[in-house]
Amino acid sequence: MSSERLPSRSEHFSDWYNQLVLRAELADYSPVRGSMVIRPYGWALWENIQDGLDKRFKATGHVNAAFPLLIPLSFFEKEKDHIEGFSPELAIVTIAGGQELEEPLVVRPTSETIIGHMYAKWIKSYRDLPILINVWNSVVRWELRTKLFLRTTEFYWQEGHTAHATESEAEEETLQMLDIYEEFSVNEAAVPVIKGKKTEREKFAGAKDSYSIESMMGDLRALQSGTSHNLGQNFAKAFDIQYLDVGNTLQHCWTTSWGLSTRFLGGIIMVHGDDHGLILPPRLAPTQVVIVPIFRDAEQKSATFEAAEQIKLRLSNSRTLIDRREDLTPGYKFNDWEMRGVPLRIEIGPKDIAAGQAVLARRDLPGREGKQEIALDKLEDTVEDLLINIQESMYEKAVRFRDENTHYVETYDEFKEVLADQGGFIRSHWAGTSEDEAQIKEETKASIRCLPIDRPEGKGRCFFTGKETDQVALFAKAY
RNA sequence: CGGGGUGUAGCGCAGAUGGAAGCGCGCCGCGUUUGGGACGCGGAGGUCGGCGGUUCAAGUCCGCCCACCCCGACCA
């Protein structure tokens, strides 16, 4: 790790982000343009995200499976909107085994088509439904402009694909998975979200309706961190996914798909990080507590290592690590673990051992403010409480930040003014058309992130058209 | 694909006017250190992004190409 400070988060957000990802050893650039290597520390974080989501998927009746990486190109041509949306970013294999292929193979950008093809084979009767499959894999989209975690050529994610007998059941599934993303984001990642529906312009290529969770990043831009799509019968019709209903009538299924990717890591970084580095929510942190032993000579060394060992044993409920490196000073280690965002640090040295105590430092409150001395016999309870407390206060801080930077406007002039002067989210009544939305994006760079589902605002006047409406739109500049 | 920038040691950079490839950090060894990014001494490490041209001589001048980063358009 470099010994320099990070660029200032408030002044150079983009540089700050890039360097943080590299220096916290979350990821590194790979030799192929736009793709990245996720390093062990970043992958450990992703594994915790996987665990949290996978548990929730299983609890709602989903099972995991695997589908192939390569998909016949013709599959993409079966759903008109889907191919239109994806064709610019497909990577296509045309040569294999030293020969030009009869039919080009697409490296999956998402699996709706191949899964649709298989579902058509597997589903015959209403008794086969619903089918609730989730897949953990990676996909490739040839993006023009990339950024570590947020948009890379290849990224890891989960994609859920379900098929149902009725329209309402599919809609229910779509919203259930959106709720799961929300609950996960809030409770595990301490990242507040706005749940909502995508507009026609912004929805998934091939979907009937798309929903998303949207979060505010530290630079006031919006990040879509999870999506859930009601695909209607679009893919069922394109792939002949049909079943016989109770009355012996052939019906098309109703399908859904939903996904959350390694982009979510980028969200965690940009919501919680500070000038010292990453700040990880305790529930997802690969290491929750790091113990830094402090010593001068061999005698002190064995005493503090012994004390550290005992602390670790007592903290068996937490993911605890002892920093045994002997060639580095404590000060270096403090900065190192702060860069990596470990929520809680325990310093133990000769003075502490003599006093029967240890020093606790919480990552979310940097410097002296977050330090306290604690008697060793109170350590377990204190650590447990602190981890919960850190998780909560990280969430509260993020909510406060988002709310302070969310504005309501009544006119388009005001909209432009607020966006230029303050930025952030604009949440206002909206009755405009797709063309109006396009015009606003063209003129201000801000787009409708979603039409929020929860609307405490009630009825009001659209800032753009002046029409009375109960629909609200969330506008922001987005990643 | 448009605009901008950068390619010299693992990283960050310096190498006016062409004339023996350097500095800082990191890395390796030994010793002293260790409560907020330690220090000394000794080392290892380079087809100067690539190809071509000008020249007695190119990191440096010229041409072409490539890669990456930033800002736009497109996107989870």
Side-chain angles (χ1 to χ4, degrees), chain A residues 1-6 12-15 17-19 22-23 28-35 84-90 109-110 138-159 181 198 201-205 210 212-215 222-229 257-267 276-277 292-298 300-301 304 323 325-339 345-353 355 358-359 361 366-368 370-371 373 441-442 445 447 449 477-479:
Chain A
M1 197 183 75
S2 156
S3 62
E4 291 158 35
R5 298 178 73 99
L6 281 175
H12 306 284
F13 194 82
S14 186
D15 287 344
Y17 176 85
N18 288 336
Q19 285 200 35
L22 298 175
R23 287 169 57 180
D28 202 352
Y29 294 101
S30 93
V32 175
R33 193 197 75 83
S35 62
E84 260 176 43
F86 276 105
S87 63
E89 41 186 300
L90 296 181
T110 178
S138 70
V139 290
V140 167
R141 300 181 185 176
W142 218 255
E143 300 289 352
L144 299 176
R145 218 184 118 204
T146 59
K147 197 173 174 75
L148 293 166
F149 287 118
L150 300 179
R151 182 169 302 106
T152 45
T153 301
E154 179 183 11
F155 60 88
Y156 295 82
W157 72 345
Q158 58 68 216
E159 43 175 330
Y181 288 148
K198 286 288 183 184
R201 287 190 86 243
E202 301 280 341
K203 75 179 187 186
F204 175 71
S210 287
S212 70
I213 51 171
E214 303 281 338
S215 304
L223 184 79
Q224 171 181 319
S225 47
T227 48
S228 189
H229 313 292
S257 67
W258 26 275
L260 184 145
S261 74
T262 40
R263 166 182 265 196
F264 196 85
L265 265 81
H276 302 278
V292 178
I294 297 158
F295 53 88
R296 286 170 193 278
D297 50 39
Q300 288 183 356
K301 185 180 124 187
T304 51
D323 188 343
R325 293 176 293 181
E326 292 181 33
D327 48 340
L328 299 171
T329 62
Y332 184 94
K333 292 180 179 179
F334 297 165
N335 286 289
D336 192 29
W337 292 111
E338 280 165 12
M339 183 68 73
R345 181 179 71 236
I346 297 177
E347 304 166 17
I348 179 99
K351 285 185 242 164
D352 300 304
I353 293 172
V359 174
R368 291 207 194 293
K371 278 205 186 191
E373 289 165 351
K441 185 165 184 192
E442 175 69 28
K445 308 290 177 213
S447 56
R449 301 324 306 149
K477 291 180 186 168
Y479 274 98

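Just so we're on the same page: letters track the sequence lines, and every chain starts at 1. Remember, it's a predicted structure, so these values are computed and weren't measured experimentally.
Taking a pair to require two hydrogen-bonding distances under 3.5 Å in either a Watson-Crick or a G-U wobble arrangement, C41(B) pairs with G29(B). Pairing of U34(B), defined by two Watson-Crick or G-U wobble distances under 3.5 Å, is not identified with any nucleotide. Of the nucleotides present, C51(B) is the one that pairs with G63(B) by Watson-Crick or G-U wobble criteria, both distances under 3.5 Å. Searching all strands for a Watson-Crick or G-U wobble partner of A57(B) with both distances below 3.5 Å returns nothing. Base-pair partner of C23(B): G12(B) (Watson-Crick or G-U wobble, both distances under 3.5 Å).
Of the candidate nucleotides G37(B), G35(B), G36(B), G37(B) has the atom lying nearest to any side-chain atom of Tyr332(A). With G36(B), G35(B), C74(B) as the candidates, the nucleotide lying closest to the side chain of Asn335(A) is G36(B). Here the side chain of Lys445(A) is nearest to one of G35(B), G72(B), U34(B), namely G72(B). Minimum atom distance to the side chain of Pro330(A) is reached by G35(B), of the listed G37(B), G35(B), G72(B). Comparing atom distances between the Glu347(A) side chain and each of G37(B), G35(B), C74(B) picks out G35(B) as nearest.
A distance-only check finds no donor-acceptor pair linking the side chain of Asn18(A) to the backbone of Asp15(A) [under 3.5 Å]. A donor-acceptor pair under 3.5 Å links the side-chain atoms of Lys333(A) to the main chain of Asp323(A), judged by distance alone. Between the side chain of Tyr17(A) and the main chain of Leu148(A), a donor-acceptor pair closer than 3.5 Å is present. A donor-acceptor pair is defined here as one N or O able to donate and one able to accept, closer than 3.5 Å; such a pair exists between the side chain of Gln300(A) and the backbone of Arg296(A). Between the side chain of Glu143(A) and the backbone N or O of Thr152(A), no donor-acceptor pair lies under 3.5 Å.
Heavy atoms of other residues, nucleotides or ligands lying less than 6.0 angstrom from NZ of Lys371(A) number more than 12.
Nucleotides G37(B) and G24(B) place their C1' atoms 16 Å apart, quoted to the nearest Å. Using C1' as the reference atom, A16(B) and G59(B) are 14 Å apart when rounded to the nearest Å. Taking atom C1' on both A20(B) and C25(B), the two are 26 Å apart, rounded to the nearest angstrom. Rounded to the nearest Å, the gap between the P atom of G45(B) and that of G10(B) is 12 Å. Using atom P as the reference point in both C51(B) and A58(B), the two lie 14 Å apart (nearest Å). Atom name P, nucleotides A14(B) and G49(B): the rounded distance is 13 Å, in whole Å. A9(B) and A44(B): their C1' atoms are spaced 11 Å apart (whole Å). One P atom belongs to G40(B), the other to G26(B), and the distance between them is 11 Å to the nearest Å.
For the pair Arg345(A) CZ and G36(B) P, the computed distance is 10 Å after rounding to whole Å. Across the protein-nucleic acid pair, Asp327(A) atom CG and C27(B) atom C1' stand 12 Å apart, rounded to whole Å. Regarding Glu442(A), its CD atom lies at a distance of 8 Å from the P atom of A73(B), rounded to whole Å. The distance from atom NZ of Lys371(A) to atom C1' of G35(B) is 7 Å, rounded to the nearest whole Å. For the pair Leu6(A) CG and C11(B) C1', the computed distance is 15 Å after rounding to whole Å. Taking atom CD1 of Ile294(A) as the reference point, atom C1' of G36(B) lies 10 Å away to the nearest angstrom. Atom CG of Asp336(A) and atom C1' of G37(B) are 9 Å apart (whole Å). Rounded to an integer number of Å, the gap from CZ of Arg325(A) to P of G26(B) is 14 Å.
Here Gln224(A) lies in heavy-atom contact (under 4.0 Å) with sugar-phosphate atoms only. Residue contacts shown for Leu223(A) are absent, as no nucleic acid heavy atom lies under 4.0 Å away. In this structure, Leu260(A) reaches neither bases nor backbone, as no heavy-atom distance under 4.0 Å exists between it and the strands shown. Residue contacts for Val139(A): at a heavy-atom cut-off of 4.0 Å it reaches no nucleic acid atom on any strand shown. No engagement by Ser228(A) is indicated, since no non-hydrogen atom pair under 4.0 Å with the nucleic acid exists.
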Write down the protein N/O and nucleotide N/O pairs, taken from nucleotides 68-71 of chain B, whose separation is under 3.5 Å; answer none if there are no such pairs.
residue: C68(B); atom: OP1; partner: Arg33(A); partner atom: N; Å: 3.0
residue: C70(B); atom: OP1; partner: Asn18(A); partner atom: ND2; Å: 3.1
residue: C71(B); atom: OP2; partner: Arg145(A); partner atom: NH2; Å: 2.3

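For A16(B), the base adopts the syn conformation, since its glycosidic angle falls within 90 degrees of zero.
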- Residue pair Trp157(A), Thr262(A): steps toward the side chain to side chain contact (heavy atoms under 4.5 Å, CB included) verdict: CA-CA 6 Å; Trp157(A) 72 345; Thr262(A) 40; over 6 Å; no

- Query: Please walk me through it: do Tyr156(A) and Leu265(A) pass side chain to side chain contact (heavy atoms under 4.5 Å, CB included)?
  - Reply: CA-CA 11 Å; Tyr156(A) 295 82; Leu265(A) 265 81; over 6 Å; no

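Contact annotation: Thr329(A) reaches the phosphate of A38(B) (side-chain N/O to OP1 or OP2, under 4.0 Å).
Note: His229(A) and Phe204(A) have parallel aromatic rings, judged against thresholds of 30 and 60 degrees for the angle between ring planes.
Heavy-atom nearest nucleotides on RNA chain B were determined for Thr153(A) and for Gly349(A), and the one closer to the 5' end corresponds to Gly349(A). If you find the closest nucleotide of RNA chain B to Val359(A) and to Ser225(A), the one lying nearer the 5' end belongs to Val359(A).
A donor-acceptor contact closer than 3.5 angstrom links the side chains of Glu154(A) and Ser138(A).
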